[in-house]
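For the numbers below, each heavy atom of this structure counts, side chains included, while hydrogens, waters and symmetry mates do not.
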Amino acid sequence: MGMLMDGQWSATDDKVVVAGAYRREQSTFDNAIADEVIHRMAGHSRRYILVASMSCPWSHRVLLVRAIKGLEDRIPMHVAGGNRIEGYGMHPAGPLRLDGATPLHVHQLYTESHPGFTGRVTVPLLWDDSNSLIVSNDSALIMRALDRID
């Protein structure tokens, strides 16, 4: 599928299959989501955007928590999917914009957040639209953060 190498998309590099077997890597942005971020998510509608794919089971579980908690109005979603060219594509109708334009691929969010990033480009991810940063791409951490919002 490809990956980012020093901030550049590489279609030939991919560490997901090793010796013919699937190997799931650790999430890259897997630090605990800070209490102040959770507080801002609770009070600041639409600052944080959930990027998720309908074909990804890790996205599904985050979307379920978002729906059960009734957070659709506070945490908008931008759908990733479509043809797997340069990883996940970005649906043009979503709320996320970089320099006023819809990003074409999820890997653009990774390089916007961390310009020299090397690694796999995964969803779901929680995007801080005010600071153009990935808060987390760890589905369990995102679920726990959403669950703490009243």
Under a 4.5 Å cut-off applied to non-hydrogen side-chain atoms, are [X] and [Y] in contact?
X	Y	result
Asp128	Ile49	no
Val121	Trp9	yes
Asp129	Arg46	no
Leu4	Thr118	no

Within 6.0 Å of [atom1] in [X], more than 12 heavy atoms from elsewhere:
X	atom1	result
His39	NE2	no
Asp73	CG	no
Gln8	CD	no
Arg144	CZ	no
His91	NE2	no

**Asked** Step by step, would you call Cys56 with Tyr88 a side-chain contact (heavy atoms from CB on, under 4.5 Å)?
**Response** CA-CA 11 Å; Cys56 172; Tyr88 284 104; 3.9 Å; yes

If you look at every heavy atom in [X] and [Y], which pair is closest and at what distance?
X	Y	result
Pro103	Leu98	CB-CD1, 4.0 Å
Ala42	Arg74	O-NH1, 2.8 Å
Gly89	Val106	O-CG2, 4.3 Å
Pro124	Ser139	CG-CB, 3.8 Å
Met5	Ser10	CG-CB, 3.9 Å
Ala140	Asp138	N-OD1, 3.0 Å

Quick check: does any side chain N or O of [X] sit under 3.5 Å from a backbone N or O of [Y], one acting as donor and the other as acceptor?
X	Y	value
His78	Leu96	yes
Thr102	Pro92	yes
Ser113	Tyr110	no
Ser130	Arg47	no

**Message:** What's the separation between atom NE2 in His105 and atom CE in Met90, rounded to the nearest 0.5 Å?
**Reply:**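 Between atom NE2 of His105 and atom CE of Met90 there are 10.5 Å.
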
**Message:** Connecting only ILVMFWY residues whose side-chain heavy atoms lie within less than 4.5 Å of each other, what is the rest of Leu146's hydrophobic cluster?
**Reply:**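 Joined to Leu146, directly or through intermediates: Ile33, Val37, Ile38, Met41, Tyr48, Leu50, Met54, Val62, Leu63, Val65, Leu71, Ile75, Met77, Val79, Leu126, Val135, Leu141, Ile142, Met143, Ile149.
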
**Message:** Other members of the hydrophobic cluster containing Leu133, with the 4.5 Å side-chain heavy-atom rule, please.
**Reply:**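 The other cluster members (ILVMFWY side chains, heavy atoms under 4.5 Å, direct or chained): none.
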
